[in-house]
Amino acid sequence: MTFKLSQKSLDKLNGVDERLIKVVHDAIKISTVDFSVGEGLRTLERQHFLISKGKAKTENSRHLTGHAVDLWAYVNNSVSWQESYYADIADAMRDSAIKHGVILRWGAVWDRVLNDIKNTELEPTEYVKRRKAQGKKAFLDYVHFEIKKE
């Protein structure tokens with residue numbers, strides 16, 4: 001089944017980098033899971049609010065410059081937070097990014113480029129192990145996709 005972005009999702013892409021918009025538009029067509037754009041360009045005030053709620057970790061978010069989007073799995077007419085759906089969305093975003101020559105990072109695996117990740121279901125677990133081995137906590141943000149800083 002081919003999915004398409006709703007007008008609400010399209011509106012949330014206002015101010016987002018054109019390269020990322022292309023990737024999202026292509027990804028929705030090839031994704032096995034429907035998704036919506038939860039957030040694109042974000043204000044500093046919004047970022048501070050998300051930090052206060054523990055849903056963001058930095059004031060230096062790529063959302064502030066329009067280089068990030070949060071995509072929400074949409075299953076059975078509602079948003080789902082089931083991690084396996086986000087692995088499927090990550091597969092579509094990876095394939096679309098490669099097609100368009102855009103290097104992406106995924107919030108479920110911060111230390112690797114999404115374009116190089118073969119197994120999106122396994123890699124978040126491996127990321128957590130790598131962080132623990134470094135004596136650090138892992139922040140998993142399955143919904144987050146961003147253009148890697150150049």
Count I, L, V, M, F, W, Y as connected when their side-chain heavy atoms are under 4.5 Å apart, and connections chain through other members. Are [X] and [Y] then in the same cluster?
X	Y	answer
V143	V128	yes
V109	W81	yes
L10	V79	yes
F35	V102	yes
L71	I30	no

Counting C-beta onward and ignoring hydrogens, is there a side-chain heavy-atom pair between [X] and [Y] closer than 4.5 Å?
X	Y	value
R112	R130	yes
L41	N14	no
V24	F145	no
N115	L104	yes
M93	L20	yes
F139	W110	yes
T32	Y85	no
L5	L13	yes

Closest contact, heavy atoms only, [X] versus [Y]:
X	Y	result
L64	Q47	CD2-CB, 4.1 Å
Y86	S80	OH-O, 2.6 Å
W106	A87	CH2-CA, 4.2 Å
R94	I117	NH1-O, 3.0 Å
A68	H144	CB-CE1, 3.4 Å
T120	A90	CG2-CB, 3.9 Å

In Å, rounded to the nearest 0.5 Å, how long is the span from [atom1] of [X] to [atom2] of [Y]?
X	Y	atom1	atom2	result
H48	T43	NE2	OG1	9.5 Å
T58	L50	OG1	CG	12.0 Å
I103	D116	CD1	CG	7.5 Å
K4	K29	NZ	NZ	11.0 Å

task = Assess whether side-chain contact (heavy atoms from CB on, under 4.5 Å) is satisfied between H67 and E146, documenting all intermediate values.
result = CA-CA 6 Å; H67 292 94; E146 68 179 37; 5.6 Å; no

ask   = Quick one: side chain to side chain donor-acceptor pair (under 3.5 Å) partners of S84, sequence neighbours excluded?
value =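 S84 satisfies side chain to side chain donor-acceptor pair (under 3.5 Å) with Q82 only.
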
Residue list, side chain to side chain donor-acceptor pair (under 3.5 Å) with K99, at least two apart or on another chain = D26

request  = Please check if the side chain of S52 supplies one atom and the backbone of F49 the other of a donor-acceptor pair under 3.5 Å.
outcome  = yes

message = Between Y127 (side chain only) and D111 (backbone N and O only), is there a donor and an acceptor less than 3.5 Å apart?
response = no

request  = Kindly determine whether E39 and R46 satisfy side-chain contact (heavy atoms from CB on, under 4.5 Å), including the steps that lead there.
outcome  = CA-CA 11 Å; E39 287 203 48; R46 173 78 175 145; 2.7 Å; yes

inquiry  = Holding to salt bridge (Lys or Arg N to Asp or Glu O under 4.0 Å), I want the full list of residues that pass it with D17, two or more places apart in sequence or in another chain.
reply    =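 Salt bridge (Lys or Arg N to Asp or Glu O under 4.0 Å) list for D17, sorted by chain: R19.
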
message = Checking E126 now: which residues fulfil salt bridge (Lys or Arg N to Asp or Glu O under 4.0 Å) with it, not counting sequence neighbours?
response = K129

Residue list, side-chain contact (heavy atoms from CB on, under 4.5 Å) with Q134, at least two apart or on another chain = R131, K136

ask   = Residues two or more places apart in sequence or in another chain: which of them pass side-chain contact (heavy atoms from CB on, under 4.5 Å) with S36?
value =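 With sequence neighbours excluded, S36 shows a side-chain contact (heavy atoms from CB on, under 4.5 Å) to S9, W72, given in chain and number order.
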
task = Give the intermediate values and the outcome of salt bridge (charged side-chain N to carboxylate O under 4.0 Å, His left out) for residues D11 and K8.
result = CA-CA 5 Å; D11 291 345; K8 188 174 181 179; over 6 Å; no

key: Test salt bridge (Lys or Arg N to Asp or Glu O under 4.0 Å) applied to D70 and R62, K12, R42, the passing residue   = R42

